[in-house]
Engineer: 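Just passing along the structure, written as structure tokens.
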2 protein chains.
Amino acid sequence: MAKKPIELGEAELAVMRALWDHGAQTVREVMNRLHERGKNVAYTTVLTFLTRLEQKGVVASDKRDQAYVYKARISRQSVTISRIRSLVDQLYDGAAAPMLAQLIENERFTPDEISQLRKLIDDLDPKHPSKGE
Amino acid sequence: MAKKPIELGEAELAVMRALWDHGAQTVREVMNRLHERGKNVAYTTVLTFLTRLEQKGVVASDKRDQAYVYKARISRQSVTISRIRSLVDQLYDGAAAPMLAQLIENERFTPDEISQLRKLIDDLDPKHPSKGE
DNA sequence: AACTTCCTACGACATCGGTAGTAGAAGGGC
DNA sequence: GCCCTTCTACTACCGATGTCGTAGGAAGTT
């Protein structure tokens with residue numbers, strides 16, 4: 001069977017972000033990160049999230065001193081990939097290229113991003129090795 | 001105020017797809033599309049979705065003969081963009097490039113798709129005009 | 001020991017999304 | 001007129017998510 005796609009809500013994702021951005025933390029620390037970002041959630045709310053996330057298997061906890069320290073067990077990348085994947089499947093029948101084309105045409109990119117993008121594309125194409133330089 | 005991002009669930013999106021792929025349809029037709037795709041939902045379920053989608057303002061209905069005909073009021077593109085944007089905002093603080101890198105590295109593209117993508121990029125970049133033509 | 005502070009466990013509650021049953025209107029057939 | 005089919009309107013229900021409050025333990029302060 002395929003690995004069940006782990007569903008993460010928006011607020012749960014914000015918690016994951018705190019862990020990705022600042023490493024393993026206690027409930028209180030995560031709460032502070034969220035507050036810094038303008039999410040004024042209650043301590044117990046954060047605790048609930050972390051608990052649920054642990055049940056989902058995406059974070060792990062470790063008792064240290066008085067409090068548990070939580071750390072992410074999945075990467076930001078894996079979440080990105082799975083989100084994109086499901087979007088592509090749902091809206092473009094799995095064909096990523098048309099979707100990417102949409103993005104390229106509609107997003108505003110800085111010149112810098114554009115060259116990065118080109119490099120990425122070039123790396124896919126053996127005929128255009130963007131090596132050297 | 002900013003336009004509130006319209007939230008569409010997975011099943012709602014499947015309904016939108018039916019409308020995008022096959023144009024304006026009645027409840028029954030949409031249901032048939034979904035069945036064709038393996039989603040065996042009840043007629044009333046589809047009706048509920050369409051009703052809710054209309055309340056959300058993303059579809060419009062039009063009484064024709066006996067039944068209402070529903071049509072999409074937002075494009076597949078706009079949904080794509082808004083989804084990706086929220087993903088980018090949530091996971092990469094709005095920086096699209098790193099996310100695109102993820103996307104590009106993990107999807108498979110045909111040579112043909114690759115050149116099309118390159119062309120799109122070249123069109124964005126004044127320094128690399130995708131030559132005359 | 002009493003007080004204060006912080007931590008976790010549990011329970012609660014609202015909203016939303018997915019799913020569907022029932023009821024009642026509307027039209028076609030005989 | 002009566003029946004069958006089809007449509008829409010309502011209502012309901014469950015699980016997931018977002019958000020907390022309360023209770024009770026552990027630990028540091030005096």
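Every chain is numbered from 1 and lettered A, B, ... according to where its sequence line falls, protein lines coming before strand lines.
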Engineer: Please determine if B:E107 and A:R85 form a salt bridge, counting it only when a charged side-chain N lies under 4.0 Å from a carboxylate O.
Structural biologist: yes
Engineer: Nearest to the side chain of B:A67 - D:dT8, C:dC7, D:dG18?
Structural biologist: D:dT8
Engineer: Distance alone, cut at 3.5 Å: any donor-acceptor contact between the side chains of B:T80 and A:Q102?
Structural biologist: no
Engineer: Which nucleotide in the list C:dG17, D:dT8, D:dC20 gets nearest to the side chain of A:A42?
Structural biologist: D:dC20
Engineer: Whole angstrom is fine here: how far is it from CE in B:M31 over to C1' in C:dT19?
Structural biologist: 14 Å
Engineer: For the pair A:K119 and A:D123, find out whether any cationic side-chain nitrogen is under 4.0 Å from an anionic carboxylate oxygen.
Structural biologist: yes
Engineer: Nearest nucleotide by nearest heavy atom, which residue falls closer to the 5' end of DNA chain D, A:K39 or B:Y68?
Structural biologist: B:Y68
Engineer: How many Å lie between NZ on A:K63 and C1' on C:dC6, as a whole number?
Structural biologist: 11 Å
Engineer: Give the nucleotide from the list D:dT6, C:dG21, D:dT8 with an atom nearest to the side chain of B:L47.
Structural biologist: D:dT8
Engineer: Output, in order, the C-alpha distance, side-chain angles, deciding distance and verdict of side chain to side chain contact (heavy atoms under 4.5 Å, CB included) for B:R37 and B:R17.
Structural biologist: CA-CA 11 Å; B:R37 294 198 138 256; B:R17 270 213 60 164; 3.0 Å; yes
Engineer: Heavy atoms from C-beta onward define the side chain here; which of C:dA20, C:dT8, D:dG18 lies closest to that of B:T45?
Structural biologist: C:dA20
Engineer: Between C:dG17 atom C1' and B:I6 atom CD1, what is the distance in whole Å?
Structural biologist: 16 Å
Engineer: Would you say a side-chain N or O of A:R28 is under 4.0 Å from OP1 or OP2 of C:dC7?
Structural biologist: yes
Engineer: In whole Å, I'd like the distance from the CD atom of A:Q55 to the P atom of D:dA16.
Structural biologist: 11 Å
Engineer: Distance check needed: C:dT8 C1' versus A:R64 CZ, whole Å only.
Structural biologist: 18 Å
Engineer: Would you say the side chain of A:T48 and the base of D:dC20 hold a donor-acceptor pair, judged only by whether the two atoms sit under 3.5 Å apart?
Structural biologist: yes
Engineer: How many Å lie between CD on A:E29 and P on C:dT8, as a whole number?
Structural biologist: 11 Å
Engineer: Is B:K56 salt-bridged to B:E7, going by a charged N under 4.0 Å from an acidic O?
Structural biologist: no
Engineer: Rounded to the nearest angstrom, tell me the gap between atom CD in B:E12 and atom C1' in C:dT15.
Structural biologist: 13 Å
Engineer: So, is A:Y43 close to the D:dG21 phosphate, meaning a side-chain N or O under 4.0 Å from OP1 or OP2?
Structural biologist: no
Engineer: Of the candidate nucleotides C:dC7, D:dT19, D:dT8, which contains the atom at the shortest distance from the side chain of A:A11?
Structural biologist: D:dT19
Engineer: Rounded to whole Å, please give me the gap between CG in B:L50 and P in D:dT8.
Structural biologist: 9 Å
Engineer: Given C:dG27, D:dG21, C:dG18, which nucleotide is nearest the side-chain atoms of A:T44?
Structural biologist: D:dG21
Engineer: Using heavy-atom distances to pick each residue's nearest nucleotide on DNA chain C, tell me which of A:Y70 and A:R52 is more 5'.
Structural biologist: A:Y70
Engineer: Name the closest nucleotide to the B:Q66 side chain, picking from C:dT8, C:dT19, C:dG27.
Structural biologist: C:dG27
